[in-house]
Amino acid sequence: MPINTKESYIEIGTAVDSNNELVNKLQLPAPISIPATDEFMADATRSNATGAMIINKIGRTQYKSNITWGSLKNTTWWKINRWFQKYGYVFYLKYFSHTDGRVKIHRFYRGNVTEPTTVGNVVISGINVPEYYKGCGFSVIDMGENNVKVIKELPV
């Protein structure tokens, strides 16, 4: 069963307006894979008297994911990368969290880009370019700020 096929499943934008809509948003195509981790940050020490572990949570749980597409049309891949070139690599991300069943918005930065495989050839404006890119994607890393907005929460 696919995770989601809606174009608005994941959106990126430069800011969040008063209606919780992203400004300068780009809707990303539904990925084939979004393996994610929720990273719990803590300071842990052992008690001198009993040797029991003492754990203090630092900040909030942070999210990291690798967004991957099986294949994207050349212009779609270029459009995504040009958005980052125009607006920068720190952005707001609207996504569905599979960990807790909530739609959230908060700031991320783009990490490593997966080097895609080129498929086919097409001539655009006299230049021979790939028709599709296979296995393309990039990582998104939570900035760790406390201003996470929960837009919707599914019942449990």
Side-chain angles (χ1 to χ4, degrees), residues 1-47 50 52-117 119 132-156:
M1 172 188 280
I3 293 174
N4 195 314
T5 56
K6 288 179 61 180
E7 284 286 313
S8 61
Y9 177 62
I10 301 173
E11 296 177 347
I12 56 177
T14 57
V16 183
D17 69 15
S18 60
N19 295 320
N20 290 323
E21 291 293 325
L22 297 181
V23 177
N24 299 315
K25 78 177 170 185
L26 176 65
Q27 294 180 332
L28 300 179
I32 61 158
S33 175
I34 51 169
T37 60
D38 286 332
E39 298 177 3
F40 176 80
M41 297 179 56
D43 181 24
T45 58
R46 293 213 179 262
S47 161
T50 64
M53 190 64 95
I54 300 170
I55 299 175
N56 294 309
K57 183 178 176 184
I58 300 172
R60 63 167 176 76
T61 300
Q62 294 180 328
Y63 182 83
K64 179 181 178 185
S65 180
N66 293 306
I67 301 172
T68 306
W69 293 278
S71 73
L72 287 179
K73 190 172 190 277
N74 55 14
T75 54
T76 303
W77 182 236
W78 299 338
K79 182 178 179 180
I80 292 168
N81 285 291
R82 286 180 187 176
W83 188 94
F84 285 114
Q85 290 169 356
K86 180 177 181 179
Y87 295 112
Y89 298 99
V90 174
F91 55 94
Y92 286 87
L93 180 73
K94 179 181 177 184
Y95 67 100
F96 177 75
S97 169
H98 291 277
T99 303
D100 58 13
R102 294 178 173 142
V103 176
K104 299 177 182 180
I105 296 177
H106 50 103
R107 285 197 341 147
F108 283 76
Y109 68 93
R110 189 188 82 181
N112 296 332
V113 175
T114 304
E115 187 67 33
T117 303
V119 178
Y132 291 90
Y133 291 96
K134 185 177 177 182
C136 46
F138 52 86
S139 62
V140 293
I141 300 115
D142 184 344
M143 295 284 288
E145 300 169 339
N146 287 324
N147 59 351
V148 176
K149 293 184 179 223
V150 175
I151 305 304
K152 187 172 189 171
E153 184 170 327
L154 299 181
V156 224

Under the side chain to side chain contact (heavy atoms under 4.5 Å, CB included) rule, what do K64 and V140 come out as? Steps first, then yes or no, please.
-> CA-CA 6 Å; K64 179 181 178 185; V140 293; over 6 Å; no
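- Taking the six-membered ring where the residue is Trp, the centroids of F84 and F138 are separated by under 6.0 Å.
- Atom OH of Y109 is separated from atom CZ of F91 by 10.5 Å, given to the nearest 0.5 angstrom.
- Between L93 and I105, every side-chain heavy-atom pair lies at or beyond the 4.5 Å cut-off.
- Evaluated for a side chain to side chain contact (heavy atoms under 4.5 Å, CB included) with V103, the options L154, N20, I151, V150 yield exactly one hit, I151.
- The salt bridge (charged side-chain N to carboxylate O under 4.0 Å, His left out) pairs that include a residue from residues 13-26 are E11-K25, E21-K25, where partners are two or more places apart or lie in different chains.
- Not one N or O on the side chain of S139 forms a donor-acceptor pair closer than 3.5 Å with the backbone of N66.
- Between Y132 atom OH and L72 atom CG the span is 10.0 Å, to the nearest 0.5 Å.
- Between the CD1 atom of I67 and the CD1 atom of I10 there is a distance of 4.5 Å, given to the nearest 0.5 Å.
- Residues E145 and D142 form no side-chain contact, since every pair of their non-hydrogen atoms from C-beta on lies 4.5 Å or further apart.
- Heavy atoms only, all atoms of each residue included: W83 and N24 are closest at NE1-O, 2.9 Å.
- In this structure the side chain of R102 never reaches within 4.5 angstrom of the side chain of V148, judged on heavy atoms.
- Of the inter-residue distances, the one linking I80 atom CD1 with C136 atom SG reads 7.0 Å to the nearest 0.5 angstrom.
- Under the 6.0 Å cut-off for aromatic ring centres, H106 and Y95 qualify, their centroids lying closer than that.
- When only modelled atom types and interatomic distance are considered, Y133 and W78 share a side-chain donor-acceptor pair under 3.5 Å.
- Side chain of W69 to main chain of P29: a donor-acceptor pair is present (N/O by atom type, distance under 3.5 Å, no hydrogens or angles).
- Atoms CZ and CH2, on R82 and W77 in that order, are 13.0 Å from each other to the nearest 0.5 Å.
- Qualifying salt bridge (charged side-chain N to carboxylate O under 4.0 Å, His left out) partners for K104, counting only residues two or more places apart in sequence or in other chains: D100.
- Judged by distance alone, with hydrogens and angles left aside, the side-chain atoms of T14 form a donor-acceptor pair with the main-chain N or O of V23 at under 3.5 Å.
- For K79, the side chain to side chain contact (heavy atoms under 4.5 Å, CB included) criterion is met by L26, not counting sequence neighbours.
- For the atom pair S65 OG and I141 CD1, the distance stands at 9.5 Å (nearest 0.5 Å).
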